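Data block below; observations after.
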Amino acid sequence: MPEYFEKNEAEVTSRLPELKGDDPVMRMAPYPSGPLHIGNARMAVLNDEYVKRNNGKLILVYDDTIGSEQKKPLPDAYDLIKDGLEWLGVEWHEVHYKSERMEIYYEYGEKLLSTGEAYVCECSPKKLREYREKGVECEHRTRTTEDNLKHWKAMLKGVLDEGDAVVRIKTDMEHPNPAFRDRVLFRISKSPHPLVGEKYHVWPLLEFSWAVDDHLLGMTHILRGKDLVIEDEMEKFIWDIFHWKHAEFLHYGMLRLKEFKLSKSDFQKKLKNNELCGWDDPRTWSLQSLRKRGIQPEALRDFILDFGMSLTDIEVPASKLYAKNRELIDARANRYYFVPEPVTIALEGELETDIAEIPRHPDDPKRGNRVLEVGKIVHIPRKEYEENIGKEIRLKNLCNIQLSETKGTVTSMENKDILKIQWVPEGIECIVEMPDGSREQGLVERNFNELKEGEIVQFERYGFVRVIDEELNIVAFAHR
RNA sequence: GCUCCCGUAGUGUAGUCCGGCCAAUCAUUUCGGCCUCUCGAGCCGAGGACUCGGGUUCAAAUCCCGGCGGGAGCACCA
């Protein structure tokens, strides 16, 4: 096991490009609309990794500005995010909340208005977009400083409504990149905020709050997905106005999991409609859901670090993560028999024994055997039952049977080289929560009772599962 | 449409900056074989790639130009 880690660490280390400069200060900026999911984990792991390798400092900044109608900050998300980060082994040295720093943004925003670098614009979103497309300046751009400050105060006071006015920075309405033309710095929102309530009516957009905070909090390196590259330019533009030193930017490409599209926005809604059964529902791919399934944080980190800082847009199958996880849990997961969709058959003929002894782990005899008491019936999986009527199969670790529609006639005890399946005599009802949210019912051997919540085991021929409720016998399916 | 980014085997990834040591790395997947009373693990082996076309050069995955393909931004979201 240690060898595995050493080998892998070395490999990965050589893969991340070196940082320029010493003593890096970096940050993670989650938006608290829900727990971190597997996509957000990349941001956290890369930052953490860089900081640890270079003895730097990592700052957790909740990017909790007011968001949008579709994307609202959620009170529970703050702790869910911390919880996820801790599980991932990400260590941070400071925490900040943007919602606590509003006065700072106002201060610098007002400076830009005073120097004529920004202006209050009352164009409708539609007009703003049209002018942006055409590269035309609107009439508000030439307001006087006094006029700008007057309108700014009105915005702050709350006498204006949502959508009435915004603060825009003067870049160049003919800038070759239409996305860069006079971007919006502040806007009005009257939605209540989970931390500061309705104290503020004017909220900064991310480009501005970041330009200010990345400087004020002493950031030396900024890691972000390449979908945010335009923010680099915006931040640099603003830093230049204030004559601030530039931080270094590093980007990584877009990552998608084949099994689901990373859209955190839907989850809030689905949760409300009871389409999901909590933030750890496997369909959310939240860190909590992965933990529940028995995915090891080391496996996830390794999975993420494998992509390095590549700028390529990638779509990865979850099986890649599972392969990493299997490597970690296979040795420690004890084995049990679980029969999905059980079919009951009578056991007939001469059994030379009334118990079966089966190793808890095939590669580690020291863990001893589990014992199954054999009676007059056994339960076997429907799939194998249907496929093998009329054939001879082996009840693993017990005996060979000739299978008919209603019974299995014992043919011999010897370990024959035929299909071996798992089976249970009197089993316990067990529910398996599958990654797609469905639930599979079946019977698990009685020895399941010796398991505690949180334990990861393998149901032989079925897959790895983690016990999530030892009373009700519920397990979460990890992977094969 | 405009701006920017990317393009190495099925999937990821190393190599691209500073051309030769790359008949191209590693992981996973796939296919054989061995082992194993699991469709798990392990062991051995095999297969499989430089998006295309030009150019520069003694020499190009690596540099230049163009095409094609994919992605992102052009939100009063982050």
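By convention in this document, chain letters (A, B, ...) are assigned in the order of the sequence lines, proteins followed by strands, and residues within each chain are numbered from 1. Keep in mind that what you see is a predicted model, and the values were worked out from it rather than measured.
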Let me know the distance between [atom1] of [X] and [atom2] of [N], rounded to the nearest Å.
{"X": "A/Leu255", "N": "B/G12", "atom1": "CG", "atom2": "P", "result": "10 Å"}
{"X": "A/Ile314", "N": "B/G12", "atom1": "CD1", "atom2": "C1'", "result": "6 Å"}
{"X": "A/Lys258", "N": "B/G12", "atom1": "NZ", "atom2": "C1'", "result": "12 Å"}
{"X": "A/Arg256", "N": "B/A72", "atom1": "CZ", "atom2": "P", "result": "7 Å"}
{"X": "A/Leu206", "N": "B/A75", "atom1": "CG", "atom2": "P", "result": "15 Å"}
{"X": "A/Glu130", "N": "B/C2", "atom1": "CD", "atom2": "P", "result": "19 Å"}
{"X": "A/Arg335", "N": "B/U38", "atom1": "CZ", "atom2": "C1'", "result": "8 Å"}

Problem set entry | A/Glu233 and A/Arg183 ion-paired at < 4.0 Å | no

Problem set entry | Side-chain N,O (A/Thr312) to OP1/OP2 (B/G71) below 4.0 Å |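 For B/G71, neither OP1 nor OP2 has a side-chain N or O of A/Thr312 closer than 4.0 Å.
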
Exercise. Is any side-chain N or O of A/Arg326 closer than 4.0 Å to OP1 or OP2 of B/A41?
Worked result: yes

Hey, does [X] reach any base, or is it just sugar-phosphate, or nothing, if we go heavy atoms under 4.0 Å?
{"X": "A/Ser319", "answer": "nothing"}
{"X": "A/Leu228", "answer": "base"}
{"X": "A/Pro317", "answer": "sugar-phosphate"}

Should the side chain of [X] and the base of [N] be counted as holding a donor-acceptor pair, with the cut-off at 3.5 Å?
{"X": "A/Asp363", "N": "B/G42", "value": "no"}
{"X": "A/Arg132", "N": "B/C74", "value": "no"}
{"X": "A/Glu315", "N": "B/U11", "value": "no"}

If pairing requires Watson-Crick or G-U wobble contacts with both distances under 3.5 Å, which nucleotide is the partner of [N]?
{"N": "B/U56", "result": "none"}
{"N": "B/A46", "result": "B/U30"}
{"N": "B/G69", "result": "B/C6"}
{"N": "B/A14", "result": "none"}

For this session: With A/Phe208 as reference, evaluate A/Tyr106, A/Phe186, A/Trp203 under the ring-ring contact (aromatic ring centres under 6.0 Å, His included) test and give the passing residue.
Result: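 Of A/Tyr106, A/Phe186, A/Trp203, ring-ring contact (aromatic ring centres under 6.0 Å, His included) with A/Phe208 is met by A/Phe186 alone.
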
For this session: Starting at CG of A/Asp182, measure out to CD of A/Glu137 and round the result to the nearest 0.5 Å.
Result: 7.0 Å

For this session: Would you tell me whether A/Asp63 and A/Trp210 have side-chain atoms, one donor and one acceptor, within less than 3.5 Å of each other?
Result: yes

Exercise. Would you say the side-chain atoms of A/Ser99 and A/Asp64 include a donor-acceptor pair closer than 3.5 Å?
Worked result: yes

